[in-house]
Amino acid sequence: MAAKYHNTFALLLLLVNLRFHGNVAAQNAKLAASFIFGDSLVDAGNNNYLSTLSKADVPPNGIDFKASGGNPTGRFTNGRTISDIVGEELGQANYAVPYLAPNTSGKTILNGVNYASGGGGILNATGSLFVNRLGMDIQINYFNITRKQIDKLLGKSEAREYIMKKSLFSIIVGSNDFLNNYLLPFVSSGVRASQNPDAFVDDMINYFRIQLYRLYQLDARKFVISNVGPVGCIPYQRIINELNDEDCVDLANELATQYNSRLKDLVAELNDNLPGATFVLANVYDLVSELIVNYHKYGFTTASRGCCGIGSGGQVAGIIPCVPTSSLCSDRNKHVFWDQYHPSEAANIILAKQLINGDKRYISPMNLRQLIDL
């Protein structure tokens, strides 16, 4: 079934130009290109082209994604990802296309490219249970190829200006390094026996530093780096640990908090040491925590169960992916989570707008609109 949908909608994506409709700002775009790295939170379809267990290429995924007519594109949500919304709001002319899509070539790449991959992480071992996925090292290798293609399209001088001043580099990664590596039952036992949490977080930060330096050497200058959200509070963690709706897995959140503290220091270090670059830190941990705790205030009815996959079947039904046979909630806008891992489009809109226009509680040292204006 997955193969049938994959073939149908891969063809659809070749034919559909994912333009923003009714976005006046796009006519006078400030953001020319968006280059997106990370995991399933921002994957726009790369995993469609991999033999992997981590896919979102079947309905009802994408049911509210207007650009595809409600057909699945490989996005792990019912509509737009955070990065889609950020690009749209900042006047980007088209959505960044998945790097592995067959139509990602020529002038198409000047709108930006999405390298994110469901299951990917900072560390190369992360997500191995899914068989195939693109980790950060591979994603940056692919950007290196794109970078050379832009040189050919624009000429080296103009290409450098385009990348340095008119492009945004968005990186949302790290959650899988905990969920599908250090915290994963059975698979993680060897890692946890050989590394305490401090050593594991050290590895993450040291690898990430090198990866960000690589992007800087390829002329990236405007960065937004997301910290890790409260992974102990996502529905998946509550289900497998048989917790009440209000409870979270303390160890998972403690690891995220520990990593986030180190990441904050890394961002400050890079801002001090990489001339001409601006690294902005997105405090997704506090943003998502706010939505989970005060969901009623934002018009949601639940933050403890995903819209897709809820229903009978007990613990197992709660952790299977969102597939055509999954149960589906009646009002998708009332759920913070689309499935057991990923926010709904309604939640993504709230998160994205805080990153674009919010204050230093959630985005620092400046918001994304200010970053683009630099």
Side-chain angles (χ1 to χ4, degrees), residues 38-43 53-54 56 61 75-79 81-82 116 118-121 126-127 129-130 133 172-185 187-188 226-260 282-295 298 300-311 313-323 326-329 332 334-352:
D39 53 33
S40 57
L41 291 170
V42 287
D43 187 348
L53 299 177
S54 178
N61 293 293
R75 288 166 168 82
F76 290 75
T77 184
N78 59 306
T81 68
I82 293 178
T126 292
L129 78 161
F130 298 120
R133 72 286 178 207
I172 299 180
V173 73
S175 297
N176 283 321
D177 293 284
F178 297 118
L179 293 174
N180 293 309
N181 189 333
Y182 197 77
L183 292 172
L184 193 68
V187 174
S188 68
S226 170
N227 66 12
V228 171
V231 289
C233 300
I234 64 174
Y236 163 73
Q237 284 288 310
R238 286 171 164 163
I239 291 165
I240 66 169
N241 290 283
E242 299 180 331
L243 299 179
N244 295 326
D245 288 353
E246 296 78 23
D247 294 333
C248 299
V249 178
D250 290 338
L251 175 59
N253 282 350
E254 287 166 5
L255 286 168
T257 300
Q258 185 175 352
Y259 168 77
N260 291 345
N283 185 5
V284 169
Y285 188 98
D286 284 353
L287 263 174
V288 174
S289 295
E290 164 68 13
L291 277 188
I292 290 173
V293 172
N294 297 310
Y295 61 90
Y298 297 92
F300 298 107
T301 57
T302 179
S304 59
R305 290 289 180 267
C307 170
C308 184
I310 62 173
Q315 191 174 10
V316 175
I319 61 175
I320 60 172
C322 183
V323 294
S326 299
S327 57
L328 192 65
C329 67
R332 297 179 287 276
K334 298 296 183 182
H335 281 65
V336 171
F337 288 95
W338 163 241
D339 57 18
Q340 313 316 322
Y341 307 85
H342 308 97
S344 64
E345 182 185 66
N348 281 335
I349 290 170
I350 294 170
L351 299 173

Set of side-chain hydrogen bond (donor to acceptor under 3.5 Å, both in side chains) partners for Glu246, sequence neighbours left out: none
Please list, chain by chain and in numerical order, all residues satisfying side-chain hydrogen bond (donor to acceptor under 3.5 Å, both in side chains) with Asn283, sequence neighbours excluded.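 With sequence neighbours excluded, Asn283 shows a side-chain hydrogen bond (donor to acceptor under 3.5 Å, both in side chains) to Asn227, Asp286, given in chain and number order.
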Inter-residue atom distance [X].[atom1] - [Y].[atom2], 0.5 Å rounding:
{"X": "Ser226", "Y": "Leu351", "atom1": "OG", "atom2": "CG", "answer": "9.5 Å"}
{"X": "Phe130", "Y": "Ser40", "atom1": "CZ", "atom2": "OG", "answer": "7.5 Å"}
{"X": "Ile172", "Y": "Ile82", "atom1": "CD1", "atom2": "CD1", "answer": "5.0 Å"}
{"X": "Asp339", "Y": "Leu328", "atom1": "CG", "atom2": "CG", "answer": "11.0 Å"}
{"X": "Ile240", "Y": "Gln340", "atom1": "CD1", "atom2": "CD", "answer": "11.0 Å"}

With a 4.5 Å cut-off on side-chain heavy atoms, are Leu53 and Leu129 touching?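 A side-chain contact is absent here, since even the closest heavy-atom pair is not under 4.5 Å.
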Qualifying residues under salt bridge (charged side-chain N to carboxylate O under 4.0 Å, His left out), relative to Arg332, sequence neighbours excluded: Asp64
List the residues meeting salt bridge (charged side-chain N to carboxylate O under 4.0 Å, His left out) with Asp245, not counting sequence neighbours, and say none if there are none.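 Scan of Asp245 (salt bridge (charged side-chain N to carboxylate O under 4.0 Å, His left out), adjacent residues dropped) gives Arg305.
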Short side-chain to backbone donor-acceptor contact, [X] and [Y], under 3.5 Å:
{"X": "Arg133", "Y": "Asp39", "value": "no"}
{"X": "Asn180", "Y": "Gly119", "value": "no"}
{"X": "Asn176", "Y": "Gly121", "value": "no"}
{"X": "Thr301", "Y": "Lys334", "value": "yes"}

Under 2.5 Å between the SG atoms of Cys329 and Cys308? no
Only counting residues at least two apart or in another chain, list the ones meeting side-chain contact (heavy atoms from CB on, under 4.5 Å) with Ala347. Leu291, Phe300, Val336, Pro343, Ser344
Taking only residues two or more places apart in sequence or in another chain, which ones pass ring pair (Phe, Tyr, Trp, His ring centres under 6.0 Å) with Tyr259? none
With Gln237 as partner, the option from Asp247, Leu243, Leu179 fulfilling side-chain contact (heavy atoms from CB on, under 4.5 Å) is Leu179
